[in-house]
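Data first, discussion second: the structure below is written as structure tokens.
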Amino acid sequence: MAVAEQQPVATPPQTAEARVPTVIVDDVHIVYKVYGAGTGKGSATAALGRLLLRRGSPNVRRVHAVRGVSFTAYRGEAIGIIGSNGSGKSTILRAIAGLLPPESGRIYTDGQPSLLGVNAALMNDLTGSTNVLLGGLAMGMSQEEVRRRHQGIVDFSGINEKGDFISLPMRTYSSGMAARLRFSIAAAKNHDVLMIDEALATGDRAFQRRSEARIRELRKEAGTVFLVSHNNNSIRDTCDRVVWLEKGELLMDGPTDEVIKAYEKHTK
Amino acid sequence: MSTVSETTHNGAVAVGAPPAPTADDGLSPSQLAAKYGLTVSGARPGLAEYTRQLWGRRHFINEFAKARTAAQYTQARLGQLWQVMTPLLNAAVYYLIFGVLIGTRKGVDNFIAFLVTGIFIFTFTQSSVMSGVRAVAGNLGLIRALHFPRASMPIAFTLMQLQQLMMSMFVLIAIVLMTGEVPDASWLLIIPALITQWVFNTGLAMIVARLGSKMTDLAQLMPFMLRTWMYTSGVMYSIENLTSHAPHYVRILLDINPAAVYIDLARFALIDSVTSSQLPPHVWISAVAWAVLVGVGGYIYFWKAEEQYGRG
């Protein structure tokens with residue numbers, strides 16, 4: 001992580017009331033260009049014709065996924081993001097991670113946020129063990145550190161509970177196992193900003209409890225955690241603040257209980 | 001007290017109970033960001049900082065190349081044996097076609113050593129480019145999941161090819177010895193020749209990695225370009241013999257071709273009958289110049305788009 005490379009920044013003197021922002025989202029709009037949508041002809045001759053006439057593909061559609069969202073996250077907060085499917089939750093996280101450029105508006109972050117998504121596949125043809133090693137090294141750990149933490153990561157993931165699976169290629173894992181290992185690798189490091197996009201949903205109950213405990217730990221280590229989940233209980237257990245997005249707009253931003261109550265009323 | 005707000009399109013919403021007012025309240029978002037040293041998300045670091053980060057990932061690059069090499073042939077029953085078999089079979093095919101059937105061996109002493117050296121050296125560049133094209137486009141999962149300097153990918157893939165080349169070199173040296181060459185001190189020249197070629201390959205891999213990350217069609221097009229390049233690089237014929245009657249500029253163009261330069265150097269190092277009088281003028285200078293030009297240029301070119309890899 002880029003955060004690891006930063007010199008230990010002198011943290012501003014942290015009085016009881018002073019809150020240090022880690023993520024500032026300032027009136028962000030995000031527009032997706034979707035290729036291959038629509039009804040344009042997909043044949044080879046049609047593609048050639050477009051090239052010759054220098055016309056853009058008729059299949060490109062613009063989807064305005066996030067419309068003017070602003071909020072500020074502070075150090076030590078765990079923020080749940082809720083909303084129905086397609087409301088822009090994952091999109092805004094990917095923009096914060098710097099993987100998606102906003103159409104307008106700005107996103108400021110402290111260091112490099114890490115995004116943990118369901119489809120964040122690591123290297124499928126390599127063993128779980130190798131993935132732990134490579135993932136750790138890629139995040140900027142030293143070889144010694146990875147070796148020291150290896151067993152802890154494997155234990156946390158619970159991959160080896162039913163036999164020696166960690167030495168099998170990751171393509172043989174079930175989706176739940178793969179998601180668990182990915183989370184365990186990413187959570188082994190202290191992040192300034194960690195964003196979890198439904199990555200815990202596939203784990204079993206025991207793993208979910210372990211990871212919720214780990215999220216609380218990360219918060220204590222003065223990081224900021226974002227959690228996208230459709231499981232309101234898991235958000236209640238881990239988050240103290242909730243942002244509710246609907247149709248790409250920020251509908252509500254406040255303490256967990258109030259927002260979830262309103263959200264549940266809305267979805268009923 | 002948060003309430004469901006009347007959402008408006010300018011994004012004005014009711015925000016839940018604010019904390020006790022602090023000195024930060026009057027600041028605009030950009031002022032607040034500046035005060036706490038926050039940076040714009042996804043911005044690209046400076047070249048020196050980038051290089052430092054990349055150096056910090058040297059173990060990752062090394063382990064990635066090792067793990068990928070180990071996983072490469074896990075689906076095949078003969079496993080790692082293919083690392084040696086593939087170059088060997090390649091050499092056999094080219095010998096059959098160009099040595100026996102077409103007969104480009106005319107005027108070349110020790111054609112087998114000449115041909116096999118040419119093929120192995122060219123394959124090193126060729127496979128570096130082919131894996132470079134997919135280095136970013138084929139690893140989007142990893143790139144989107146974890147943050148590391150993206151140049152790690154093309155570098156790791158060329159390192160894999162270097163490792164493969166080491167295997168091929170054992171085969172090559174065995175073949176060269178069987179054809180009657182005697183090892184001498186000049187064989188050591190193969191080391192600087194391969195190092196400069198590796199730097200050149202890495203730069204080239206980074207260039208095509210950036211191109212390939214945007215234009216996915218490049219992976220389809222590349223084999224044809226590489227084959228054209230191979231046939232103009234004197235892999236299976238002697239440029240010197242072929243161009244003895246051609247205009248001078250054709251000779252210069254063919255000699256300055258980086259693939260031909262590195263092949264010439266390897267042949268000069270390993271084969272006794274290839275003497276320095278047969279080498280084009282300034283061949284070592286061109287070898288180093290190509291390495292510096294493409295190596296540094298490719299690195300900067302790749303870095304320029306660092307923030308865009310994995311987007312979309």
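First the proteins, then the strands, lettered A, B, ... as listed; each starts at 1. All heavy atoms count here, side chains included; hydrogens, waters and symmetry mates do not.
With chain B as the partner, the residue from A:L126, A:V23, A:V25, A:T130 showing the most heavy-atom pairs under 4.5 Å is A:L126.
Ring geometry for B:W303 against B:Y50 counts as tilted: the plane angle lies between 30° and 60°, on a 0 to 90° scale.
Contact annotation for A:I107: both backbone and side-chain heavy atoms come within less than 4.5 Å of a heavy atom of chain B. For A:T72, the part sitting under 4.5 Å from any heavy atom of chain B is the side chain, from C-beta outward, and nothing else. Residue A:V243 does not touch chain B at all, counting heavy-atom pairs closer than 4.5 Å. Contacts between A:A186 and chain B at a heavy-atom distance below 4.5 Å are absent for every atom of the residue. If you measure heavy-atom distances from B:S152 to chain A, you find no contacts under 4.5 Å at all.
Put simply, the side chain of B:Q53 reaches to within 4.5 Å of the side chain of B:E49, judged on heavy atoms.
Paired with A:T224 under the rule side chain to side chain donor-acceptor pair (under 3.5 Å), one option of A:T22, A:D110, A:D192, A:T109 passes, and it is A:T22.
Not counting sequence neighbours, the partners of B:F122 by the ring-ring contact (aromatic ring centres under 6.0 Å, His included) test are B:W229. Listed by chain and number, the residues in a side-chain hydrogen bond (donor to acceptor under 3.5 Å, both in side chains) with B:Q31 are B:S28 (sequence neighbours excluded).
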